[in-house]
Trainee: 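Below is the structure I would like to discuss, written out as structure tokens.
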Amino acid sequence: MAAATDFTDSFLRQFQQYYMKLDVHNHWAEPTNESPYPSLILRFDEIGERFTIIDLELCFLPRMESFTEEGVAILQTFAVLRNNVPPSTYTKLLAETAKINIQLPLGGFGLFTDTGVLYFKHNTILQRDWLSSSQAIEHLDRQNALVLHQLYLFTDQLLNISEGHESGR
């Protein structure tokens with residue numbers, strides 16, 4: 001089990017080096033009680049017309065022993081768009097995320113109604129052998145580019161609704 005975790009951590013560290021060479025601001029987050037897995041955090045600014053700053057968290061999901069034994073890992077891409085969304089906006093926000101999500105080629109926007117967190121999330125199932133290939137980092141970088149494009153297209157709209165504006169536009 002430790003070998004699998006070492007491998008996924010090593011892959012994320014290689015990904016971090018890749019983004020450092022591209023001058024993308026990033027940092028490594030060690031496991032904590034709240035987040036029991038290491039994460040690579042990529043910071044992007046100027047998302048949307050509001051120039052929102054978004055941290056894209058990349059981590060391999062923990063406690064997936066049956067997958068790990070088969071050489072499979074699940075990479076999660078997660079971004080918090082806003083914390084403490086007012087409950088008065090939940091209905092409109094959930095309706096809007098549903099409209100947006102059917103258009104997306106990958107991932108989806110959501111709202112944790114118990115905590116008021118507006119987020120984007122995407123999971124990718126990856127084979128360990130493929131992750132070892134030279135193509136893996138560049139392929140996942142292109143996937144992140146698509147995630148950023150989706151964030152650019154819809155973040156302003158969702159933030160406007162979360163702030164109580166009648167229209168997300």
Side-chain angles (χ1 to χ4, degrees), residues 1-32 34-83 97 99-112 117-159:
M1 179 62 111
T5 304
D6 291 344
F7 177 78
T8 55
D9 289 1
S10 173
F11 179 81
L12 283 178
R13 290 287 192 180
Q14 290 173 27
F15 215 12
Q16 182 179 29
Q17 292 301 315
Y18 175 84
Y19 281 110
M20 282 181 178
K21 289 177 185 173
L22 296 175
D23 287 329
V24 173
H25 180 77
N26 68 75
H27 72 274
W28 185 259
E30 292 293 342
T32 64
E34 290 181 10
S35 299
Y37 42 80
S39 298
L40 172 59
I41 312 293
L42 305 173
R43 173 153 288 179
F44 296 97
D45 54 11
E46 300 184 8
I47 300 294
E49 292 179 10
R50 296 167 59 147
F51 300 119
T52 303
I53 295 172
I54 293 185
D55 289 336
L56 209 56
E57 178 183 0
L58 305 172
C59 67
F60 285 95
L61 295 182
R63 296 184 285 280
M64 305 298 260
E65 290 80 9
S66 60
F67 285 113
T68 304
E69 291 170 10
E70 299 295 322
V72 173
I74 299 176
L75 178 65
Q76 178 171 271
T77 303
F78 191 86
V80 173
L81 281 75
R82 180 175 177 196
N83 290 302
T97 59
K99 287 179 196 173
I100 291 170
N101 287 345
I102 60 171
Q103 302 172 54
L104 301 180
L106 56 87
F109 292 94
L111 175 67
F112 293 128
V117 172
L118 177 62
Y119 66 88
F120 177 86
K121 181 178 118 168
H122 172 67
N123 290 341
T124 306
I125 299 174
L126 301 165
Q127 189 71 27
R128 182 179 175 148
D129 293 340
W130 184 80
L131 279 173
S132 301
S133 75
S134 60
Q135 304 160 314
I137 287 177
E138 288 182 11
H139 173 80
L140 290 171
D141 177 51
R142 284 193 287 276
Q143 179 176 286
N144 286 342
L146 181 55
V147 167
L148 288 172
H149 178 68
Q150 293 175 164
L151 288 167
Y152 185 86
L153 290 176
F154 299 110
T155 295
D156 289 347
Q157 182 177 347
L158 293 172
L159 289 176

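Sequential numbering from 1 along the given sequence is applied to the chain's residues. This one's a predicted model, so the numbers in the text were calculated from it and none came from an experiment.
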Trainee: Taking the side chain as everything from C-beta on, heavy atoms only, tell me whether N144 gets closer than 4.5 Å to L58.
Mentor: yes
Trainee: Give a yes or no on whether Q103 atom CD has more than 12 heavy-atom contacts from other residues, nucleotides or ligands under 6.0 Å away.
Mentor: yes
Trainee: When rounded to the nearest 0.5 angstrom, what distance separates CG in L131 from CG in L140?
Mentor: 7.0 Å
Trainee: Main chain of V24, side chain of N26: is a donor-acceptor contact present, judged purely on distance under 3.5 Å?
Mentor: yes
Trainee: Less than 3.5 Å apart, which donor and acceptor atoms pair up between the side chains of residues 76-83 and the rest of the protein, not counting sequence neighbours?
Mentor:
residue, atom, partner, partner atom, Å
R82, NH1, S162, O, 2.7
R82, NH1, S162, OG, 3.1

Trainee: Measuring from F120:CZ to L151:CG, what's the distance to the nearest 0.5 Å?
Mentor: 6.0 Å
Trainee: Over all heavy atoms of both residues, which pair between E49 and D156 is shortest? Give the atoms and the distance, please.
Mentor: N-OD2, 2.6 Å
Trainee: If every non-hydrogen atom of L118 is compared with every non-hydrogen atom of G110, which pair is closest and at what distance?
Mentor: CD1-O, 3.3 Å
Trainee: Are the side chain of D55 and the backbone of I41 linked by a donor-acceptor contact shorter than 3.5 Å?
Mentor: no
Trainee: Suppose the criterion is salt bridge (charged side-chain N to carboxylate O under 4.0 Å, His left out): which pairs have a residue in residues 13-31, not counting sequence neighbours?
Mentor: R13-E30
Trainee: State which residues pass side-chain hydrogen bond (donor to acceptor under 3.5 Å, both in side chains) with T155; sequence neighbours excluded, sorted by chain then number.
Mentor: none
Trainee: To the closest 0.5 Å, what do you measure between NE2 (H122) and CD (Q150)?
Mentor: 8.5 Å
Trainee: Going by side-chain contact (heavy atoms from CB on, under 4.5 Å), L12 matches just one of Y37, F60, F7. Which one?
Mentor: F60
Trainee: The test is side-chain contact (heavy atoms from CB on, under 4.5 Å); show your working for F44 and V147 and say whether it passes.
Mentor: CA-CA 12 Å; F44 296 97; V147 167; over 6 Å; no
Trainee: Looking at D129, is its backbone amide N or carbonyl O close enough to the side chain of S133 to form a donor-acceptor pair, meaning the two atoms are under 3.5 Å apart?
Mentor: no
Trainee: How long is the span from the CD1 atom in I54 to the CG atom in L42, to the nearest 0.5 Å?
Mentor: 12.5 Å
Trainee: Nearest 0.5 Å please: distance from the CZ atom of R43 over to the CD atom of E57.
Mentor: 12.5 Å
Trainee: Restricting to non-hydrogen atoms, name the atom on P36 and the atom on P31 that form the minimum distance, rounded to 0.1 Å.
Mentor: C-CB, 3.9 Å
Trainee: For the residue pair N123 and K121, what are the closest heavy atoms and their distance?
Mentor: ND2-CE, 3.8 Å
Trainee: Indicate yes or no: at least one non-hydrogen side-chain atom of L153 is less than 4.5 angstrom from one of I100.
Mentor: no
Trainee: Tell me, which pairs form a ring pair (Phe, Tyr, Trp, His ring centres under 6.0 Å) where one or both residues lie in residues 127-154, sequence neighbours left out?
Mentor: W130-H139
Trainee: Looking at side-chain heavy atoms only, is the closest gap between N101 and F109 below 4.5 Å?
Mentor: yes
Trainee: Drop me the distance from S39's OG to H27's NE2, to the nearest 0.5 angstrom.
Mentor: 8.5 Å
Trainee: My understanding is that only residues two or more places apart in sequence, or in another chain, count here; which of them pass salt bridge (charged side-chain N to carboxylate O under 4.0 Å, His left out) with D141?
Mentor: none
Trainee: Which residues pass the side chain to side chain contact (heavy atoms under 4.5 Å, CB included) test with I137, sequence neighbours left out?
Mentor: F11, Q14, F15, Y18
